[in-house]
Number of protein chains: 2
Amino acid sequence: MAPKTDESTELKIKEAARKVFHSKGFAGAKTRDIAEEAGINLALLNYYFRSKQKLFEIIMLESMQQFMHSMSGVFNDMDSSFEEKLELIAERYLKLFSQEPDLPIFMLTELRQGQGAEVIKHINLRSILLESYFVKQYADLQAEGKIGPMPFLQFVLNLMSFCVFPFMAAPIIKHIGGLKDAEFTAMVEERKRLIPIWVQSMLRAD
Amino acid sequence: MAPKTDESTELKIKEAARKVFHSKGFAGAKTRDIAEEAGINLALLNYYFRSKQKLFEIIMLESMQQFMHSMSGVFNDMDSSFEEKLELIAERYLKLFSQEPDLPIFMLTELRQGQGAEVIKHINLRSILLESYFVKQYADLQAEGKIGPMPFLQFVLNLMSFCVFPFMAAPIIKHIGGLKDAEFTAMVEERKRLIPIWVQSMLRAD
DNA sequence: AAGAGATTTAATCAAATGATTAAATTTTGG
DNA sequence: CCAAAATTTAATCATTTGATTAAATCTCTT
């Protein structure tokens, strides 16, 4: 059944590893869980990826790229206005995290601890963000006095937190609000519309 | 040296457990690490707390109480205005997380996974929040038309995310912004002042 | 179809880890 | 000061877990 170069097995393992790592974290993920999730034997996992650590680094890197891929296209689009970009960013991130709700807390946890700390250096996150067309548009609007003096870093931080935090705090939010899954989804949908409005009002505040 | 009921040893262990659990999470924390951090033998840890799980539940509960203790006093203070409460909340939370930067991501991670999921039920987080004087002040301002129709849950979510997210994302923020610790602290200080202003502007936006 | 190479598996190893036990040491009450 | 109780330790156990190995099975070329 398996062809000479079996990419389907490699993909199955990676997919399983992504699921387990995202939901349990590096320390909580067991290689046997990943193998079982992939429907293969433990030895095969090491045959393909050599070690848990190596497999993790691949998943971590791809997760971060997934994270940034949603972003970079919008950030450097020359045809959309600053306001339109706000809408696109909220739209895309909330959609991504609706599909991958464990992604934000996984990445922030692993970046904070030892595991993922190395990966961040292999990605030019800094330049992708700070040399984007989005930054130029932001600076221009500030120069024209159309938005306030909020530093760009604070602005991005606030925008990201609006998008990311609801998913990280989902269990508490559902508990406090007494929300069922559908109601939580509705709240997220409402935020797609509101986040751009909120951000704009903040930018004019101080 | 040790008195009949040695509370100092018990406290030493709990303090060590708090440190290790907060920085590594339940799965990443090793009982031997905790014992070493406390300067005692592994067996003594089990003598006092019976098991890693039991010790964790104590730490988890106390962490959550610490989290809410900062809050509940402000939320039900009859003498401060809504605007003053915004300032107090930003002030207190940013101060707390400056001292305990691992607290937010620890709690959200463990609440999301199996470990802490039980603890949330033992705490009336929902009623503490939704039956507070803060909610009444919010509703009154809405009734008077002084703030917009933003649902209270979205409002609290936004306020919390402003306070919590910078600490969860600290490694990325420092990397992107090229910030040293002192500069990060300065940014947090600036947010103490700005968060109330931002929130007020959002409340008038939609 | 045969055999070489690739893929997959069952069995096993070694280290890490949570927990226990029995003995040693210290503290307390008489 | 002595003995009982409490505290602390070193040694050990059993399970989990990451990884390896040798054999079996499958695929593809000729």
Visitor: Is the phosphate of C:dT21 approached by B:Tyr47 (side-chain N or O, under 4.0 Å from OP1 or OP2)?
Guide: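 Looking at the OP1 and OP2 atoms of C:dT21, neither is under 4.0 Å from any side-chain N or O of B:Tyr47.
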
Visitor: Counting only heavy atoms and a strict 4.0 angstrom limit, can you tell me which residues of residues 21-33 of chain A come near DNA chain D?
Guide: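 Close to the strand are A:Ala29, A:Lys30, A:Thr31, A:Arg32.
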
Visitor: Using atom CZ of B:Arg50 as one end and atom P of C:dA19 as the other, report the distance to the nearest whole Å.
Guide: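 Result: 9 Å.
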
Visitor: If only side-chain N and O atoms count, and only distance matters, is there a donor-acceptor pair under 3.5 Å linking A:Gln53 with A:Glu57?
Guide: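 Note: A:Glu57 and A:Gln53 side chains meet the donor-acceptor criterion.
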
Visitor: Flag the pair A:Phe184 / A:Phe97 as yes when their ring centroid distance falls below 6.0 Å, and as no otherwise.
Guide: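 So the answer is no for these two rings.
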
Visitor: With sequence neighbours excluded, what pairs up with A:Ser72 under the side-chain hydrogen bond (donor to acceptor under 3.5 Å, both in side chains) test?
Guide: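 With sequence neighbours excluded, A:Ser72 shows a side-chain hydrogen bond (donor to acceptor under 3.5 Å, both in side chains) to no residue whatsoever.
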
Visitor: Quick one: list whatever passes side-chain contact (heavy atoms from CB on, under 4.5 Å) with A:Arg112, sequence neighbours left out.
Guide: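 A:Arg112 satisfies side-chain contact (heavy atoms from CB on, under 4.5 Å) with B:Pro101, B:Asp102, B:Ile105, B:Ala170, B:Pro171 once adjacent residues are dropped.
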
Visitor: Can you list, by residue number, the residues of residues 39-46 of chain B that have a non-hydrogen atom closer than 4.0 angstrom to DNA chain D?
Guide: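 Here the set is B:Asn41, B:Ala43, B:Leu44.
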
Visitor: I'd like to check the side-chain hydrogen bond (donor to acceptor under 3.5 Å, both in side chains) partners of B:Lys95; sequence neighbours left out, ordered by chain and number.
Guide: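 None.
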
Visitor: Can you label the angle between the B:Phe152 ring and the B:Phe134 ring as parallel, tilted or perpendicular, going by 30° and 60°?
Guide: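 Rings of B:Phe152 and B:Phe134: perpendicular, as their planes differ by over 60°.
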
Visitor: Once you round it to whole Å, what is the distance between P of C:dT20 and CZ of B:Phe49?
Guide: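 Nearest whole value for this atom pair: 15 Å.
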
Visitor: Of A:Lys19, A:Lys12, A:Arg18, which is the lone residue that meets salt bridge (charged side-chain N to carboxylate O under 4.0 Å, His left out) with A:Glu15?
Guide: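 That would be A:Arg18; it is the only one of A:Lys19, A:Lys12, A:Arg18 passing the salt bridge (charged side-chain N to carboxylate O under 4.0 Å, His left out) with A:Glu15.
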
Visitor: For residues 25-46 of chain A, which residue pairs pass the ring pair (Phe, Tyr, Trp, His ring centres under 6.0 Å) check, not counting sequence neighbours?
Guide: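 Applying ring pair (Phe, Tyr, Trp, His ring centres under 6.0 Å) to every pair that reaches into residues 25-46 of chain A, excluding sequence neighbours, yields A:Phe26-A:Phe56.
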
